[in-house]
Participant: 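Pasting in a structure now, in structure tokens, and then I'll have a few things to ask.
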Number of protein chains: 2
Amino acid sequence: MKNTTKQFKHTIVAIDVAIVTIEGNELQVALIQLKNEPFKNYWALPGGMVGSEESIKDAVSRHIKMKAGISKIHLEQLYTFGEVDRDPRGRIVSVGYLALSPVEKLKLKASEEYSNIKLFKVNAIPSKIAYDHKEIIKVAITRLRSKVVYTNIVRYLMPDEFTLTDLQRIYEVILGREFDKRNFRKKMMVIKMITDTKRKTSGGAHRPASLYRFSGKGDYKIDFI
Amino acid sequence: MKNTTKQFKHTIVAIDVAIVTIEGNELQVALIQLKNEPFKNYWALPGGMVGSEESIKDAVSRHIKMKAGISKIHLEQLYTFGEVDRDPRGRIVSVGYLALSPVEKLKLKASEEYSNIKLFKVNAIPSKIAYDHKEIIKVAITRLRSKVVYTNIVRYLMPDEFTLTDLQRIYEVILGREFDKRNFRKKMMVIKMITDTKRKTSGGAHRPASLYRFSGKGDYKIDFI
DNA sequence: TCAAAAGTGTTGCAAATACACCCATGT
DNA sequence: ACATGGGTGTATTTGCAACACTTTTGA
């Protein structure tokens, strides 16, 4: 990172979003590689300015659509980072967001601004991270881990239909510990967060598994796991 | 509220803070009465602009010191409100904060800007509330209620020394339900959040009560209540 | 001696955990 | 027939909730 003079005179509101997904039994976050100073070649969260005629949430959606090719994605606001010197280009206040999507729905694409965009395991993010984005990622993962035990937030990481083993694997990846299969299934049945589709998998060299989907449409809170 | 033309050209970052305390067995929040349009005589949360050379948190502390005469107060960021039309004067993004203090430490004082500042019961806030401040208050109270059951956040609402009955009352006021005295005391002992000072109250026409203080200095999380 | 709040244990119930074997399919 | 993941029940432990009486002080 090089020292540069400040480019912006006024305080600017920006957003940065941690797009989190699960691939290969690992939590992953999307990072872009910056082309320009002051953080040339550093990795950063996708983000950008909030326009003067758009809400903060709309700005997040707009940037996600540009960089990850997805317009319907679960979003939640994390925290607003407002240290004076967090951005060497000037006074930029950034609102951090968490976005969750099953990996199949992401279409990461580089643009003129960025030489590259790809997923990194959250346990192995590159050391050259721009700004305070490492901290934002940490807040994002902490939030996900904390909400997973009292909400149905995992639904945003799952495909429409899934087996109970798939679901258990997602919980295990997020929380980093294993569950007993029988106890896990019992609990899922009790809280009736999911519904049996009466369809089954086929093709595996093993007994077919029942396919489930999440019940209802919204979010809810309850104690489980 | 009257219609006015926009006063500010650029997006501005402001803060609004819900200063919450307990008085008379009720949760209370400090509100100021505005002197000027577009919300003349409406009640609002204390708040104001974030200076270009101060962090967001410093701006919150500064405004609290001005309006509530207290410089050491527990603060936590709640949410950033970024709808385009939330302020008729222009594009103002506001970072909402929760501040907690025992009532004895607050010294609410009116200023030139505000004709009045006082505490309102959160169950009886006036109907003439400016901006989206009713929503901010709601987020503040929800956050407090939710954190009280898994953190030691009540410490910021208590005086330095207190009896177990005092402490139980605070939990009951915040959560709006009653606890069994024996179970409550048992739990407080188990989690060892508080320490016996070996001192006792005196003066009441009843048996003296042991005085306690919170252990350690920081925050922690654990399941209780 | 009375009023008022402080203080103190036990029991029953519900929820969480630990644990092992048979089933259906594809190769 | 065998390898692979799917599917199921019970016993034990632990944590939570319900419950009532005695103690100490000041008036």
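Side-chain atoms are counted along with the backbone in the values below, which use heavy atoms only and exclude waters and symmetry mates. Per chain, numbering begins at 1; letters A, B, ... match sequence-line order.
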Participant: Flag the pair B:F120 / B:P126 as yes when at least one side-chain heavy-atom distance between them is below 4.5 Å, and no otherwise.
Facilitator: yes
Participant: Does any donor atom in the side chain of A:T165 or A:R185 lie under 3.5 Å from an acceptor atom in the other side chain?
Facilitator: yes
Participant: What pairs of nitrogen or oxygen atoms, one from the protein and one from nucleotides 9-14 of chain D, lie under 3.5 Å apart?
Facilitator:
| residue | atom | partner | partner atom | Å |
| --- | --- | --- | --- | --- |
| D:dT10 | O4 | A:K186 | NZ | 2.9 |

Participant: According to ring-ring contact (aromatic ring centres under 6.0 Å, His included), who are the partners of B:H133, at least two apart in sequence or on a separate chain?
Facilitator: B:Y131
Participant: What is the distance, rounded to the nearest whole Å, between atom NZ of A:K181 and atom C1' of D:dG5?
Facilitator: 7 Å
Participant: Please report the distance, rounded to the nearest Å, between CE in A:M188 and P in D:dT8.
Facilitator: 15 Å
Participant: I'd like to know if A:E76 pairs up with A:K147 as an ion pair, taking the criterion as any Lys NZ or Arg NE/NH1/NH2 lying under 4.0 Å from an Asp or Glu carboxylate oxygen.
Facilitator: yes
Participant: For residues A:T80 and B:T80, is any side-chain donor paired with an opposing acceptor at under 3.5 Å?
Facilitator: yes
Participant: With nearest nucleotides of DNA chain C determined for B:T163 and A:G203 from heavy-atom distances, which residue corresponds to the more 5′ nucleotide?
Facilitator: B:T163
Participant: Which class fits the ring pair A:Y171 and A:F184: parallel under 30°, tilted 30 to 60°, perpendicular over 60°?
Facilitator: perpendicular
Participant: Heavy atoms under 4.0 Å, any strand shown: does B:S202 hit a base, just sugar-phosphate, or nothing?
Facilitator: nothing
Participant: To 10°, what angle do the rotation axes through the five end pairs on each side of the helix from C:dT1-D:dA27 to C:dT27-D:dA1 form?
Facilitator: 0°
Participant: Please report the distance, rounded to the nearest Å, between NZ in A:K200 and C1' in D:dG5.
Facilitator: 13 Å
Participant: In whole Å, what is the span from the CZ atom of A:R177 to the C1' atom of C:dA16?
Facilitator: 12 Å
Participant: Remember a base hit wins even if backbone is also touched, and classify B:T165 as base, sugar-phosphate or nothing at under 4.0 Å, heavy atoms.
Facilitator: sugar-phosphate
Participant: Rounded to whole angstrom units, what separation is found between the CZ atom of A:F184 and the P atom of D:dG7?
Facilitator: 13 Å
Participant: Check the phosphate of C:dG7 against B:S210, side-chain N and O only, distance under 4.0 Å to OP1 or OP2. Yes or no?
Facilitator: yes
Participant: Nearest heavy atom decides the nucleotide; on that basis, is B:H206 or A:Y212 closer to the 5' end of DNA chain D?
Facilitator: A:Y212
Participant: Report the distance from atom CZ of A:R185 to atom P of C:dA16, rounded to the nearest whole Å.
Facilitator: 19 Å
Participant: Show me the donor-acceptor pairs, under 3.5 Å and distance only, between side chains in residues 23-32 of chain A and residues at least two apart or in other chains.
Facilitator:
| residue | atom | partner | partner atom | Å |
| --- | --- | --- | --- | --- |
| A:N25 | OD1 | A:R169 | NE | 2.2 |
| A:Q28 | OE1 | A:K121 | N | 3.4 |
| A:Q28 | NE2 | A:E23 | O | 3.2 |

Participant: Quick one: list whatever passes side chain to side chain contact (heavy atoms under 4.5 Å, CB included) with A:R199, sequence neighbours left out.
Facilitator: A:E161, A:T197, A:L211
Participant: Whole angstroms only, please: what is the CZ-C1' distance between B:R207 and C:dC2?
Facilitator: 17 Å
Participant: Over how many whole Å does the gap from B:F179 atom CZ to C:dG7 atom C1' extend?
Facilitator: 19 Å
Participant: For B:S61, what residues pass the side chain to side chain contact (heavy atoms under 4.5 Å, CB included) criterion, not counting sequence neighbours?
Facilitator: B:L75
